[in-house]
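First listed ligand is number 1; within each ligand, the first listed atom is number 1. All of these numbers come straight from a predicted model, not from anything done at the bench.
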Amino acid sequence: MTNDAPVFAPAMSPKEGAEAATALFREVFEAEPDGVWYAPGRVNIIGEHTDYNGGLALPIALPHRAHLALRRRDDRTVRLVSPQTREKVDVTSLDTIGPKGTPGEVAHWAAYIAGVAWALERDGFEDLPGFDAALVSCVPLGGGLSSSAALECSAAVAIDEVAGLGLAGTPEEPDDAGRARLVTNCVRTENEMAGAPTGGMDQSASLRCREGHALELDCRDGSVAHVPFDLAAEDLALLVIDTKAKHSLDDGQYGARRAACERAAQILGVELLADIAIEDLPQALERLSSTDDADELIKRTRHVVTEIDRTRRLVDLLQDGRPLRGEKLAEAGRLMDASHESLRVDYECTCPELDVAVEAARAAGAHGARMTGGGFGGSAIALVDAKTVHDVAAAVAQAYEREGFNPPAFLDAVPAAPAGRLP
Ligand code: GLA
């Protein structure tokens, strides 16, 4: 057993983020940025692998953010730097960049930033200016906490302002319709420039969440509602466990799940699996049972339809105005647990590190626990009594040591503000 205290990944304060990004910008570009913009990572409370099926999701924005110090240029050049690439500034041009797999392909993380300008130009905002930008992010990389969406969304709000597009509004007075349009462009960036066939949950969370609230996101029509989620007021906390198990959204597994859902929807004669009501699930599964890949299609469909139902039930529960205690808290925990089971057994997108994290957290007293995000690695969340956060984290760390896994990292997830400009 280890006696080491579990490691919590701290969020930079807005001031620290702004200062770090500005200092890097000055050092590398020898000029003052026009401003510093930021965008948060996210965790999803429930509603996993529902977004590209037109269903419901319930994410919160994290206090962990990408900070982008940016200065508009008079030409079409884009120069990008981060602490990791300090020695080698990425240089590209808006005149030549293009999607992954084409001659204009942009390497690595630069695709997520320069790519947003590319997408906005295809959306009708022509001849955007180039820019110099320095990125400092404290969203754990590859932890399934939407580090890439945070990059896209920080670029989106920065370009929106320096190019005068007028879409985002401010975090205090956001223009939600404008932000929804930015979401579409960030998703296009992820899909085409980075080649990851994801839905829109991550970018919606980063741009459209509210502090102290979870975002009820209906991916059928893009509508949102803000669900009160002030856990601290209930003496609760949401512990995020970054398993450190490798996770990637463009390695084929995620795309294979999405393709299976599309195949099932086609066989069932609906546009998206969200069109199957929970009452009609037995007949739908019966219909799928005569197909060649019945086992796969039945499992994927059962997960998606039941997960949308669980999400609706948790949203209703959180909105009923009663304190999150007693039987209500137990029911919220059961819904989270059931979500994980469905992702493990039917969607087959968990991994030993995720399953052990969830089991250890529950055994240490969590009210509910589940993987969050795309899965196959990444992070899990546990709903715990605030005073037990460190004990639950320590129990998970010990379970990892017993299993011989790499040590996990932890975050305390407090629902934070959406993307915007730092003062
Ligand atoms: C990843 C994707 C999202 C969503 C989740 C699963 O985070 O980026 O679009 O599909 O997986 O819910």
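Each of the atoms 3 (C), 4 (C), 9 (O), 10 (O) of ligand 1 lies under 4.0 Å from some heavy atom of Asp51. The ligand atoms of ligand 1 that sit less than 4.0 angstrom from a heavy atom of Arg42 are 7 (O). Interface atoms of ligand 1 facing Met201, defined by a heavy-atom separation under 4.0 Å, are 4 (C), 5 (C), 12 (O).
Distance alone, capped at 3.5 Å, places no donor-acceptor pair between the Ser342 side chain and the Ala338 backbone. Side chain of Ser206 to backbone of Asp202: no donor-acceptor contact under 3.5 angstrom is found. A donor-acceptor pair under 3.5 Å is formed between the side chain of Glu105 and the backbone N or O of Gly101. Side-chain atoms of Arg122 come within 3.5 Å of backbone N or O of Trp118 as a donor-acceptor pair.
Considering backbone and side-chain atoms together, Tyr52 places no N or O closer than 3.5 Å to any N or O of ligand 1. Residue Gly199 places at least one N or O, backbone or side chain, under 3.5 Å from an N or O of ligand 1. Taking only nitrogen or oxygen atoms, main chain and side chain alike, Tyr254 reaches within less than 3.5 Å of ligand 1.
Remark: distances from the non-hydrogen atoms of Met371 to ligand 1 are all 4.0 Å or more.
Note: Tyr400 and Phe405 have perpendicular aromatic rings, judged against thresholds of 30 and 60 degrees for the angle between ring planes.
Side-chain N/O atoms of Arg310 and Ser339 include no donor and acceptor closer than 3.5 Å.
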